[in-house]
Amino acid sequence: MPGLVNAHQHGRGITALQLGFEDDYLEPWMAGKRRRQQIDPYLQTLYAALRMVANGVTSVIHANTVGGGRDYPSEVDAALRAYDESGIRVMFGIGAMDRAELAYPAECQEVILGGLPVQLQAALGDISRPVYCAGPEATVALMARLRERYAHYPRITFAYSPAGPQWVSDALLAALVQDAARHAIPIHMHVLESAAQIDAVNACYPDGLMRRLEQLGALGPLTSLAHAVWLTEDDVAIAARTGCTLVRNPASNLRLHAGIAPLAHYVAAGVNVALGSDNTTLNDDEDLFTEARLARALTRSPAWDGLPALGTKTLWSMMSANGARAMGLGDQIGEIAPGRAADLVALDLQNVRTPYLDPDLDLLSAILGRARGGDIRMTMIGGDIVYRDGQFTHHDMRTLAERCRLDGERSKVAPTALSAAQAETLNDHLRAHYAAQRARNGTVAAASPLSSQTGWVRS
């Protein structure tokens, strides 16, 4: 089969749950990570990449974040070295962010900070310190350096990956978009992942998010938007018209209280939709087969006159060709055809067929209904076999796992920004802020936007 394409993830070898961050609403879940020290970006990215390879993933989009430290260029270099050594194909997104470091919308941040205990304010320090490069000039310079350095690496390409509209000013985004247009660089960003982000985005873009992104030149066939749970009817129409890709992250959105994107509506509107794990799969295991089944199941409307659930071919395209298109590699990977890169996987059908499989059933339907990542027996990328029969050709997974374990222990015992108690206090303030904001605006009546698949989108 063609190799799978994971169209949105962050290179997290040890999952958030394994690091002690239990599933929660997205915003306190992110803030809670401040109680951990930086993880090793090389080790974690390499482990994540190899886990994906073992599950049949041959190409990935890496979105912005790396190790959580304050030397972003060095972290990017370490992560790229890991991707190169893993053998996987990657479009690496260079991150950017210049507002709402603690909470959004940015205008509320100082009020929230001022309401925290003095000791907690001191522990947080200067929250305006850049997580990524400081400003558009440094970001564009980093991109130029990396594109020159990796120009002859066939498995490594780059994208601009601004964190998301509520985290990025128009000035910063416009600068990145201008450079992206000049050099045909893709753009990959988070968009309207959670209900709390609706309020922030409405404050920033009262005339509509996608309309503003289009005005800034940020939308087009080389743009992919992760999550996209809370788009309006107008937003979806713009996504379809501009040819950008929406990346579905079903388990992540469920686990982090983000909601259920009306995927059937997006497909019916003609939007290119791909699939991503967000390193937060249903079973915490990077299995895209399970994610695909979950994505399709969530399109099954109880209404007899609702939109149809995803067909087999559409679902398969979300796992392969559509993700390739999001990477700007639609003519190179995602299908088995003359002239394409030899990104292939071999799948053992024993689990699919045991104890019986109707011979008249379409085989791809059976695979998408029953296969697991553990059924992969061989992964080939660019003609090179990097995984076969449970073993990697160039890596000892057991040794790497032990190194990652030690890194996880180090990140917990090393001096951290916040204690567990301080992190919980911060989370309590953030919960109160977002709950009050939601009550004031009242734009979402339910925890999930998916009231039906008859054409619902947030109005």
Side-chain angles (χ1 to χ4, degrees), residues 16 19-38 64-65 68-70 95-132 134-135 162-172 190-206 209 227 229-230 253 255-259 411-412 414-447:
L19 287 172
F21 310 127
E22 295 189 58
D23 296 349
D24 197 349
Y25 285 90
L26 173 68
E27 288 74 20
W29 181 78
M30 290 189 299
K33 295 181 180 182
R34 292 174 181 266
R35 70 179 188 268
R36 279 267 182 180
Q37 186 61 275
Q38 175 189 6
N64 50 47
T65 56
R70 294 293 176 176
M97 174 176 162
D98 64 350
R99 65 181 179 185
E101 295 86 354
L102 181 67
Y104 38 74
E107 291 74 16
C108 298
Q109 189 163 259
E110 290 303 319
V111 175
I112 296 171
L113 187 64
L116 298 175
V118 174
Q119 288 185 334
L120 179 50
Q121 292 184 42
L124 286 170
D126 181 7
I127 60 173
S128 65
R129 290 179 302 167
V131 175
Y132 305 112
Q166 67 279 357
W167 287 302
V168 181
S169 68
D170 281 6
L172 175 55
H190 300 80
V191 163
L192 286 176
E193 179 176 357
S194 71
Q197 291 179 8
I198 296 174
D199 303 293
V201 167
N202 284 349
C204 298
Y205 306 107
L209 170 62
H227 301 291
V229 176
W230 297 96
N253 296 154
R255 290 177 59 178
L256 302 180
H257 298 255
S411 73
K412 182 176 180 63
T416 59
L418 302 182
S419 67
Q422 288 174 326
E424 188 57 36
T425 299
L426 174 60
N427 284 350
D428 288 343
H429 278 73
L430 291 176
R431 290 174 195 276
H433 162 66
Y434 291 118
Q437 190 167 256
R438 187 100 306 278
R440 286 194 304 270
N441 294 315
T443 54
V444 178

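Computed from a predicted model, the values in this text were never measured in an experiment.
If you take CG on Leu113 and CG on Leu124, they are separated by 6.5 Å, rounding to the nearest 0.5 Å. The CD atom of Glu193 lies 8.5 Å from the CD atom of Gln166; values are rounded to the nearest 0.5 Å. From Leu418, atom CG reaches atom CD of Gln119 across 12.0 Å, with rounding to the nearest 0.5 Å. Taken from OG in Ser128 to CG in Asp98, the straight-line distance is 11.0 Å, to the nearest 0.5 Å. From Leu102, atom CG reaches atom SG of Cys108 across 11.0 Å, with rounding to the nearest 0.5 Å. Here Arg438 contributes atom CZ and Ile198 contributes atom CD1; the two are 5.5 Å apart, rounded to the nearest 0.5 Å.
Between Ala100 and Trp167 the shortest heavy-atom distance is O-CD1, 3.2 Å. Residue Ala96 comes nearest to Val168 through the heavy atom pair O-CG2, 3.5 Å, listed as atom of the first residue, atom of the second, then distance. Between Ser419 and Arg35, the shortest heavy-atom distance links the atoms O-CB, 4.4 Å. Of all the heavy atoms in Trp230 and Ala258, the pair that sits closest is NE1-O, 2.9 Å. Here the shortest heavy-atom pairing between Gly135 and Leu172 reads C-CD1, 4.3 Å. Residues His190 and Ala163 approach most closely at ND1-O, 2.9 Å, considering heavy atoms.
In the displayed structure, Gln121 atom CD is contacted under 6.0 Å by more than 12 heavy atoms of other residues, nucleotides or ligands.
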field: CA sep, side-chain torsions, deciding dist, call: Ser169, Arg99, side-chain hydrogen bond (donor to acceptor under 3.5 Å, both in side chains)
entry: CA-CA 7 Å; Ser169 68; Arg99 65 181 179 185; over 6 Å; no
query: Given the rule in the side-chain contact (heavy atoms from CB on, under 4.5 Å) test, do Asn441 and Asn202 qualify, once you have shown the distances and angles that lead to the verdict?
result: CA-CA 10 Å; Asn441 294 315; Asn202 284 349; over 6 Å; no
- request: Test side-chain contact (heavy atoms from CB on, under 4.5 Å) on Asp428 and His433 and set out the steps.
  value: CA-CA 9 Å; Asp428 288 343; His433 162 66; over 6 Å; no
query: Are Glu101 and Gln109 close enough, and set up right, to give a side-chain hydrogen bond (donor to acceptor under 3.5 Å, both in side chains), and what steps lead you there?
result: CA-CA 8 Å; Glu101 295 86 354; Gln109 189 163 259; 3.2 Å; yes
task: Assess whether side-chain contact (heavy atoms from CB on, under 4.5 Å) is satisfied between Leu120 and Thr425, documenting all intermediate values.
output: CA-CA 8 Å; Leu120 179 50; Thr425 299; 3.9 Å; yes
field: Steps toward side-chain contact (heavy atoms from CB on, under 4.5 Å) verdict (Arg36, Phe21)
entry: CA-CA 10 Å; Arg36 279 267 182 180; Phe21 310 127; 3.3 Å; yes
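With respect to His257, the ring-ring contact (aromatic ring centres under 6.0 Å, His included) criterion is satisfied by exactly one of Tyr434, Tyr25, Trp29: Tyr25.
Inter-residue side-chain proximity for Arg34 and Leu426 is flagged as met; some heavy-atom pair is nearer than 4.5 Å. Contact annotation: the side chain of Gln197 approaches that of Leu26 to within less than 4.5 Å [non-hydrogen atoms, C-beta and beyond]. Counting heavy atoms from C-beta outward, Leu430 and Glu27 have side chains that stay 4.5 Å or more apart. Side-chain contact between Pro165 and Val191 is present, with heavy atoms from C-beta onward closer than 4.5 Å.
At distances below 3.5 Å, at least one donor-acceptor pair connects side-chain atoms of His429 with backbone N or O atoms of Gly115.
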